[in-house]
2 protein chains.
Amino acid sequence: MSGFTRYNKILNLFSEQRSSWTVLEISDELKTPSSTIYRIVRELVLAEFLESAAGAYFRLGPAFIKFNRIINLSDPLVRTGQPFLKKLANENPIESVNVLARLYGNKVMCVADYKTPFFKNNTSYQKGKLMPLIYGATSRAIIMKIVGKNLEDLLKQEIFYDDNDKDTFFKNLKNDNKKGYCKTEGQVDKGLIGFAVPINNKKLGIEASLSSIFNSIDFLPEHEPIIYANLTSYSLLIERYINQIFDDIQNYHQKSS
Amino acid sequence: MSGFTRYNKILNLFSEQRSSWTVLEISDELKTPSSTIYRIVRELVLAEFLESAAGAYFRLGPAFIKFNRIINLSDPLVRTGQPFLKKLANENPIESVNVLARLYGNKVMCVADYKTPFFKNNTSYQKGKLMPLIYGATSRAIIMKIVGKNLEDLLKQEIFYDDNDKDTFFKNLKNDNKKGYCKTEGQVDKGLIGFAVPINNKKLGIEASLSSIFNSIDFLPEHEPIIYANLTSYSLLIERYINQIFDDIQNYHQKSS
DNA sequence: CATATTTTCTTGTATTTTGAGAATTTTAGT
DNA sequence: ACTAAAATTCTCAAAATACAAGAAAATATG
């Protein structure tokens with residue numbers, strides 16, 4: 001264990017399910033002497049990446065809140081897309097969850113969301129949550145724009161039920177890519193139906209998607225054209241604004257140099 | 001530069017004002033050879049603490065969004081206090097921003113906020129933002145519960161205008177502590193008036209405050225009793241719930257061992 | 001106040017990091 | 001597609017530091 005890994009391994013122990021650890025527990029889990037863990041944890045506490053809680057327990061520290069805020073204020077995707085989510089939600093014909101998601105390693109992560117006030121279900125799509133790569137429209141709208149070796153690398157670790165399953169997946173991917181949007185039902189959460197379109201910006205390295213998720217019960221076939229029209233127009237808007245931001249950044253850097 | 005410091009120094013360059021850096025810029029800023037920075041940045045990118053953006057620039061990565069979410073779901077203060085902020089806001093007689101803040105090193109950080117829909121001003125109080133230690137009711141409600149050497153250490157780096165200024169500060173602190181709440185006007189943002197009460201839990205190591213901030217124009221003296229009543233009752237509620245969580249954690253750990 | 005637990009400290013040794021420059025890859029302009 | 005510039009990775013020996021084991025100190029607990 002060397003370099004950043006030694007810090008990252010410890011930080012990654014902290015999860016939704018288990019948000020506090022003692023040094024001894026960490027030491028057990030990572031099979032590393034406790035004197036070493038004490039030293040590393042002390043460093044992380046000093047940098048506010050961890051903080052000590054009651055009874056020798058440690059939990060994630062406020063540095064993450066601070067940096068998260070900076071991302072919200074400056075990340076071009078979040079900054080641009082966030083304000084449009086509410087508008088999109090209001091134009092949808094039924095109650096919805098609306099999500100901006102992007103590629104994160106070989107998972108998909110929601111980076112902004114807006115739920116209409118009376119949406120009944122709890123979706124898995126919440127800001128910061130990692131989602132599976134091969135299920136759900138949100139994810140598929142992202143990967144359908146990736147091709148060749150990049151796609152291969154990305155899917156390398158995914159396990160399909162059988163070859164037939166795999167073929168179907170790739171066929172759907174191709175079809176959706178032709179159509180320009182995705183629709184899936186119940187792949188991530190039972191009782192929910194999702195629609196998604198891709199958002200891309202090659203220069204800024206953005207591989208993302210915009211999606212609206214509904215309760216299957218509320219959904220009627222006649223809603224579909226409106227949903228697609230909304231998603232498509234907002235995704236174009238967001239892409240255009242992101243380009244704008246890119247130009248601004250360029251200008252800024254040119255001026256300052 | 002050794003240990004976690006070398007990573008932290010780089011991460012801390014990324015700010016609201018300047019959210020993307022090239023390796024060469026970092027190398028200049030930290031007076032460290034670029035080959036070294038390249039290696040460190042590569043590690044941080046691998047761990048998703050940074051990500052590469054357009055034109056050789058790097059920005060903060062999605063790891064912060066992920067960990068921030070875990071904190072939101074598990075931090076006892078955020079988890080407990082968040083839902084009460086909206087209720088508090090609705091019971092206030094005028095439009096308000098309501099804030100949960102806590103000590104973060106020798107600054108104060110807002111960890112949760114709720115603004116009523118028609119509040120006009122933009123407060124400095126946003127989730128994740130670091131606030132000055134000696135200005136504003138929000139901060140004072142926190143430090144007024146800290147005593148002796150701890151207080152000294154905390155204020156060591158603060159610079160007062162003159163001795164008179166310093167005396168006034170400590171006198172106010174003492175007074176507020178007696179009353180159990182703070183009120184300041186225009187110390188952080190012009191045109192805003194803030195009220196705050198402390199929230200503490202020694203066992204969980206929580207030193208925090210709950211505050212309501214209003215536009216001075218909206219505020220009338222007869223609102224004051226209601227504001228204090230609300231703040232006081234909600235702070236007690238939050239403290240009680242946090243205690244509850246503490247017991248739950250205790251039980252959980254006892255069961256699993 | 002005594003005991004158990006948590007945390008820091010000490011040490012020689014093993015491992016990792018470092019930085020300068022060369023080598024390679026990527027990018028952007030023609 | 002070619003070329004020049006820029007960005008990134010690689011190499012290696014010297015320097016720095018992280019490591020583990022246990023002792024010592026500090027802190028919590030009953």
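Letters A, B, ... mirror the listed sequences (proteins, then strands); counts begin at 1. Side-chain atoms are counted along with the backbone in the values below, which use heavy atoms only and exclude waters and symmetry mates.
Between F64(B) and F67(A), the ring planes lie tilted relative to each other; the angle falls in the 30° to 60° range.
The nearest whole Å value for the distance from the CD atom in E43(A) to the P atom in dA18(D) is 6 Å. Taking atom OH on Y57(B) and atom P on dA6(D), their separation rounds to 13 Å, with Å as the unit. L24(A) has its CG atom 15 Å from the C1' atom of dA28(D), to the nearest Å. Rounded to whole Å, the distance from CG on L30(A) to C1' on dA20(D) is 16 Å. The CH2 atom of W21(B) sits 18 Å away from the C1' atom of dA7(D) (whole-angstrom rounding).
With a cutoff of under 4.0 Å to any heavy atom of chain A, the contacted region of DNA chain C is bounded 5' to 3' by dT6(C) to dT17(C).
D113(B) places no side-chain N or O within donor-acceptor distance of the main-chain N or O of Q126(B), the cut-off being under 3.5 Å. No side-chain donor-acceptor contact under 3.5 Å links S20(B) to the backbone of R59(B). With S34(A) contributing its side chain and L24(A) its backbone, the two residues share no donor-acceptor pair below 3.5 Å. The backbone N or O of L103(B) lies less than 3.5 Å from no partner atom in the side chain of E207(B), so there is not a single donor-acceptor pair. Without hydrogens or angle criteria, Y7(B) side chain to F4(A) main chain gives a donor-acceptor distance under 3.5 Å.
In this structure, E25(B) pairs ionically with R18(B), as a charged nitrogen and a carboxylate oxygen lie closer than 4.0 Å.
Phosphate contact (OP1/OP2 of dT9(D), side-chain N/O of R42(B), threshold under 4.0 Å): present.
Heavy-atom nearest nucleotides on DNA chain C were determined for F4(A) and for F58(A), and the one closer to the 5' end corresponds to F58(A).
Within residues 31-38 of chain A, the residues approaching DNA chain C are S35(A), Y38(A), by heavy-atom distance under 4.0 Å.
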From CA spacing to verdict: side chain to side chain contact (heavy atoms under 4.5 Å, CB included), L77(A), V111(A): CA-CA 8 Å; L77(A) 181 63; V111(A) 292; 4.0 Å; yes
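In this structure, K179(B) places its NZ atom where more than 12 heavy-atom neighbours from other residues, nucleotides or ligands lie under 6.0 Å away.
Here R6(A) lies in heavy-atom contact (under 4.0 Å) with sugar-phosphate atoms only.
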